[in-house]
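Heads up: the structure comes next, in structure tokens.
Below, chain A is the first sequence line, B the second, and so on; all start at residue 1.
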Amino acid sequence: MTWQATLFWLANMVCDTVGQLSFKAASLSADEADGWDHWKRLAQSPFLWIGIFAFVFEFIFWLSFLSLVPLAMGLFVGSANMITVMLGGRYFFGEQITPWRAGAISLIAFGVMLVGWGHA
Amino acid sequence: MRGGFLLGFLALVVFDTMGQVGFKLTAEVSGVLDMSLDWARLVLAQPAFYMIVAAYILAFFTYMTLMKEAPVGPLFAAAHLELVTVTVLSWLWFGERLSLVQLLGCACIIGGVVILGVTESQDNHQQHTQDPS
């Protein structure tokens, strides 16, 4: 990958991770409400707007990244976000990393590596 | 609830796939981001750009609904099932090469998602059994 593509990829990873974790925080803040009330509470959560803001930038970085690399290759390196989101879920929300979860996520990550390797 | 979750998850994969295909179609025409008005006009003129917007809106509501029920780590990882659908579509639509290694990778991703699906639902069942309230 060129330095330009690497820069777009890293920026995308930061924005994606911040976005995912913000959405989870917003979801937890509206967890007790159901139906329309749930969506109203979500809309009032600042985390939701942080997440949306992060995804707007992710959108631009991803589009730029994909203009430099093939789609399959782009998805391969872009999937490193899986690890940062999992660690963020553990750190911020105390989500357990059970052996089954770790094994399944590792298998998915390995699969992603193979897809990218097979593309090269 | 489990059937609804599965249906929602499959819908999420479809919307995510639509979005990624839209990105590639738009990026092929727009080229590298150059922060110019002409570039923005070029992007906005692409029908695929609006496919991305529609896919993202639909995926957002689906994802937030699923997130009420699932932890973000495994849900985000499982959402990578889109790689399988996008890889197959990139072969069929964009003429990108699809090797045996990639097929094996797709099988691993599907396997990981299936393991997550089975074990997470078993964990939920055990939690409900231990704490019926």
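No path of Ile, Leu, Val, Met, Phe, Trp and Tyr side chains, each step under 4.5 Å between heavy atoms, connects A:Ile50 with B:Val72, placing them in separate hydrophobic clusters. One hydrophobic cluster, built from ILVMFWY side chains closer than 4.5 Å, holds both A:Leu10 and A:Val85. Under a hydrophobic-cluster definition in which Ile, Leu, Val, Met, Phe, Trp and Tyr are linked whenever side-chain heavy atoms come within less than 4.5 Å, directly or via other members, B:Leu58 and B:Leu89 are assigned to the same cluster. Put simply, B:Phe60 and A:Phe53 are part of the same group of oily side chains (I, L, V, M, F, W, Y) that touch within less than 4.5 Å, one to the next. A:Leu21 and A:Val18 are assigned to two separate hydrophobic clusters, defined by single-linkage of ILVMFWY side chains at heavy-atom distances under 4.5 Å.
Annotation: side chain of B:Pro71 is in contact with side chain of A:Arg101 (closest heavy-atom distance under 4.5 Å). At a threshold of 4.5 Å between non-hydrogen side-chain atoms, the residues B:Ile109 and A:Phe110 do not count as touching. With a 4.5 Å cut-off on side-chain heavy atoms, B:Phe76 and A:Asp16 count as touching. You'll find the side chain of B:Met64 stays beyond 4.5 Å of the side chain of A:Lys24, heavy atoms only. The closest side-chain heavy-atom distance from B:Phe61 to A:Trp39 is below 4.5 Å. Here the side chains of A:Gln20 and B:Leu75 are not in contact, with every heavy-atom distance at 4.5 Å or above. In this structure, B:Gln102 and A:Leu114 have side chains that are not in contact, with every pair of non-hydrogen atoms separated by 4.5 Å or more.
Within 6.0 Å of CZ in A:Phe93 there are more than 12 heavy atoms belonging to other residues, nucleotides or ligands. Dense packing is recorded around OH of B:Tyr56, with more than 12 heavy atoms of other residues, nucleotides or ligands lying under 6.0 Å away. Heavy atoms of other residues, nucleotides or ligands lying less than 6.0 angstrom from CG of B:Leu100 number 12 at most.
From A:Asn81, atom CG reaches atom NE2 of B:His80 across 6.5 Å, with rounding to the nearest 0.5 Å. With values rounded to the nearest 0.5 angstrom, B:Glu28 atom CD is found 10.0 Å from A:Leu66 atom CG.
Both the backbone and the side chain of A:Phe23 have a heavy atom closer than 4.5 Å to some heavy atom of chain B. For a residue to count as touching a neighbouring chain, one of its non-hydrogen atoms must lie under 4.5 Å from one of that chain's; by this rule A:Glu95 touches chain B with the side chain only. Of the atoms belonging to A:Leu48, it is side-chain heavy atoms, and not backbone ones, that fall under 4.5 Å from chain B. Only the backbone of B:Ala70 comes within less than 4.5 Å of a heavy atom of chain A; no side-chain atom from C-beta onward does. The contact between B:Ile52 and chain A is made entirely by side chain atoms (from C-beta outward), counting heavy-atom distances below 4.5 Å. For A:Leu63, the parts lying under 4.5 angstrom from a heavy atom of chain B are both the backbone and the side chain.
The minimum heavy-atom distance linking B:Cys108 with A:Gly111 is given by the pair CB-CA, 3.5 Å.
If you tally non-hydrogen atom pairs under 4.5 Å between each of A:Ile52, A:Ile108, A:Ile105, A:Leu87 and chain B, the highest count goes to A:Ile108. Per-residue heavy-atom pair counts under 4.5 Å with chain B were compared for A:Ala26, A:Ser27, A:Gly89, A:Gly88, and the maximum is reached by A:Ser27. Contact count against chain A (heavy-atom pairs under 4.5 Å) is highest for B:Gly112 among B:Ala78, B:Gly73, B:Gly112.
Separation of the B:Phe23 and A:Phe59 ring centroids falls under the 6.0 Å cut-off.
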